[in-house]
Amino acid sequence: MSDLTPQSETPTPTTDKITQAARETIYLCNFRVSVDGEWLCLRELNDISLTPDPEPAHEDPKDPIAIERLNLMNMAKLSIKGLIESALNLGRTLDSDYAPLQQFFVVMEHCLKHGLKTKKTFLGQNKSFWGALELVEKLTPEAGEITASVKDLPGLKTPLGRGRAWLRLALMQKKLSDYMKTIINRKDLLSEFYEPNALMMEEEGAVIAGLLVGLNVIDANLCMKGEDLDSQVGVIDFSMYLKDGGHSSKSAEGDGQITAILDQKNYVEELNRHLSASVNNLQAKVDALEKSNTKLTEELAVANNRIITLQEDVERVKEESSYQLESRKLYPTKTDIFLMYKLSLKFRLASVQDVEKELEVQIGMKQEMELSMKMLEKDICEKQDALVELRQQLEDLRAINQQLSHKSQSADASSKQKSEAIVRLEEKINQMSGTIKQLETSDKHVVKQARNLNSAAGKLLQLQQ
């Protein structure tokens with residue numbers, strides 16, 4: 001890869017880290033990548049004039065880092081444009097095996113890796129853009145769901161694999177452009193992960209984030225379970241973008257009405273399976289809520305029994321204290337009376353305070369339980385309504401599935417009838433061809449007889465003369 005970097009005679013003003021990072025990537029530094037219509041053009045820097053180049057005036061036109069940024073931006077333009085056009089021509093949901101989509105992720109991975117700082121760990125040096133993507137969760141709370149899903153995916157062991165999974169989930173959520181704009185606008189946070197002249201720190205990053213908005217028009221259903229995202233090799237396939245006169249730039253049309261119907265049928269079946277899984281999950285949640293509701297009811301009954309027991313203890317303590325006072329009245333003394341009142345007052349105050357605290361705690365628990373019961377009942381009602389609605393949608397999808405199967409069968413039957421009619425027409429054409437040949441033969445025979453008759457008539461006329 002290092003042979004693609006420019007071999008300049010004078011040293012560049014960049015640091016050793018930036019030079020090492022440039023040598024570890026393949027960005028065609030000796031060439032200028034430009035977009036000619038919808039094709040990729042490669043021109044050597046020595047053969048073109050750099051004066052009218054659209055690069056900013058403050059940058060050195062022979063700076064390899066600036067050339068890498070421009071090349072990556074042009075590759076991102078081509079990749080995004082090709083992906084959108086091919087997806088719209090295809091007319092169905094994209095999957096993980098779609099080649100333009102795979103190339104788009106490879107280009108985005110190279111863009112995010114450009115200018116990354118090397119971090120030293122116990123296991124050695126590490127360069128990964130996963131740390132920069134984790135910033136989105138802090139800046140946009142709704143991105144926390146994607147980050148949590150990536151961390152829960154089985155089989156992902158490296159930060160690179162988690163970063164690739166994050167890109168795929170963000171594309172399916174149609175939020176990739178918004179998330180990229182969010183982190184690009186916070187260059188003060190990105191400076192922890194990127195060099196100052198990296199693509200994400202310059203205006204090319206903002207341009208790529210703006211181009212990603214066009215991807216919101218495509219639908220993708222990417223299954224990442226079982227896919228080895230940790231060890232994939234991200235190499236840009238330039239043959240997809242190089243101009244070839246023998247091939248058209250437009251993709252081929254669909255396979256016909258029957259193929260479209262079968263695709264719709266497969267999509268409905270997949271959606272049906274997803275809805276069935278959602279119904280099962282909701283049913284499990286409802287069962288768990290019912291169990292927790294029963295448990296809270298039992299705890300509430302135990303708390304009520306505890307409150308009744310405490311009230312009985314308070315009454316018993318009051319009766320015992322009054323009985324002791326009556327027994328002391330027979331031979332009371334000043335000291336006894338004083339001690340009796342003091343001990344009784346102290347005991348009563350302690351008992352009353354303990355009972356009041358316990359009552360307040362129990363009353364608070366009772367109120368919390370009642371509130372929890374109400375919230376659970378409301379949640380159960382909402383889940384039941386959602387379950388009914390999902391069941392209705394499931395029935396509708398089953399009806400649509402049946403209609404599509406009937407249409408498919410009718411299309412097969414009509415195609416069979418047409419083929420039979422074509423066979424019959426071919427037989428009739430063969431018969432008519434035979435009849436025409438017979439007529440031509442008879443016509444020749446009649447012409448020959450007419451000639452013979454004419455010759456005979458001529459001879460008769462000569463004889464009569």
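Only heavy atoms go into these numbers, but all of them, side chains included; no hydrogens, no water, no symmetry mates.
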Separation of Ser410 OG from Gln417 CD (nearest 0.5 Å): 10.0 Å
Please name the pair of heavy atoms, one in Met73 and one in Ile208, separated by the smallest distance, quoted to 0.1 Å. CA-CD1, 4.1 Å
Is any side-chain heavy atom of His110 less than 4.5 Å from a side-chain heavy atom of Phe105? no
Polar contact flag, side-chain donor to acceptor under 3.5 angstrom, Gln431-Glu427: no
Side chains of Asn185 and Thr182 in contact at under 4.5 Å (non-hydrogen atoms): no
Would you say that Phe193 contacts Lys117 through its side chain, given a criterion of any heavy-atom pair below 4.5 Å between the two side chains? no
Which pair of heavy atoms, one from Gly205 and one from Ile184, lies closest together, and at what distance? O-CD1, 3.1 Å
Side-chain donor or acceptor of Arg391 paired with backbone N/O of Val279 under 3.5 Å: no
Can any side-chain N or O of Glu202 pair as donor or acceptor with the backbone N or O of Arg69 at less than 3.5 Å? no
When you check the gap from the basic side-chain N to the acidic O, do Glu360 and Lys357 get nearer than 4.0 Å? no
Could you tell me whether the side chain of Leu229 reaches within less than 4.5 Å of the side chain of Leu153, counting heavy atoms only? no
Between Asn281 (side chain only) and Ala277 (backbone N and O only), is there a donor and an acceptor less than 3.5 Å apart? yes
Are the side chains of Asp95 and Asn221 in touch, meaning some heavy atoms are under 4.5 Å apart? no
Once you round to the nearest 0.5 Å, how far does CG of Leu83 lie from CD1 of Ile80? 8.5 Å
Taking Glu370 first and then Lys374, would you say they form a salt bridge - that is, a charged N and a carboxylate O separated by under 4.0 Å? no
Closer than 3.5 angstrom, by distance alone: can the side chain of Thr140 be matched with the main-chain N or O of Ala143 as a donor-acceptor pair? no
What is the distance from atom NZ of Lys285 to atom CG of Asn280, rounded to the nearest 0.5 Å? 12.5 Å
Can you tell if the side chain of Leu160 reaches within under 4.5 Å of the side chain of Lys113, non-hydrogen atoms only? yes
What pair of heavy atoms forms the shortest contact from Val314 to Val355, and how long is it? CG2-CG2, 2.9 Å
Are Leu296 and Leu300 packed together at the side-chain level, in the sense that at least one heavy-atom pair is separated by less than 4.5 angstrom? no
Is Asp219 salt-bridged to Lys174, going by a charged N under 4.0 Å from an acidic O? yes
Hits for side-chain contact (heavy atoms from CB on, under 4.5 Å) against Thr147, two or more places apart or cross-chain, chain-then-number order -> Trp130, Glu137, Lys151, Trp166
For the pair Asn71 and Glu68, evaluate side-chain contact (heavy atoms from CB on, under 4.5 Å) and give the outcome as yes or no after the intermediate values. CA-CA 5 Å; Asn71 291 345; Glu68 290 175 5; 5.8 Å; no
So which pairs with a foot in residues 291-300 pass salt bridge (Lys or Arg N to Asp or Glu O under 4.0 Å), sequence neighbours left out? none
Side chain of Ser79, backbone of Met75: donor and acceptor closer than 3.5 Å? no
Under a 4.5 Å cut-off applied to non-hydrogen side-chain atoms, are Gln367 and Leu371 in contact? no
Which atom names give the shortest non-hydrogen contact between Leu376 and Ser292, and what distance separates them? CD1-OG, 4.2 Å
Here the gap from Gln392 atom CD to Leu397 atom CG, rounded to the nearest 0.5 Å, amounts to 10.5 Å
Roughly how far, to the nearest 0.5 Å, is OG of Ser372 from CD of Glu368? 7.0 Å
Scanning both residues in full, the closest heavy-atom pair of Ile65 with Asn197 reads CG2-O, 3.5 Å
I need the Asp178 CG to Asn216 CG distance, nearest 0.5 Å. 7.0 Å
Test of understanding: with salt bridge (Lys or Arg N to Asp or Glu O under 4.0 Å), list the residues that count as partners of Asp188, not counting sequence neighbours. Arg186
Full working for side-chain contact (heavy atoms from CB on, under 4.5 Å) between Leu116 and Ser128: CA-CA 7 Å; Leu116 272 174; Ser128 173; 5.6 Å; no
Show the numbers, then the answer: is there a side chain to side chain donor-acceptor pair (under 3.5 Å) between Glu358 and Gln362? CA-CA 6 Å; Glu358 188 69 24; Gln362 295 297 331; 3.1 Å; yes
Steps toward side-chain contact (heavy atoms from CB on, under 4.5 Å) verdict (Leu167, Phe104): CA-CA 10 Å; Leu167 289 175; Phe104 165 73; over 6 Å; no
Does the His114 side chain pair with the main chain of Leu199, one donor and one acceptor, at a distance under 3.5 Å? yes
Quick one: closest heavy-atom pair of Gly115 and Ala198, and the distance? CA-CB, 3.6 Å
For Arg164, is there an ion pair with Glu109 - N to carboxylate O distance below 4.0 angstrom? yes
Using the side-chain contact (heavy atoms from CB on, under 4.5 Å) rule, take Ile146 and Lys175 through it: C-alpha gap first, then chi angles, then the decisive distance, then the call. CA-CA 10 Å; Ile146 293 181; Lys175 292 284 187 180; 5.6 Å; no
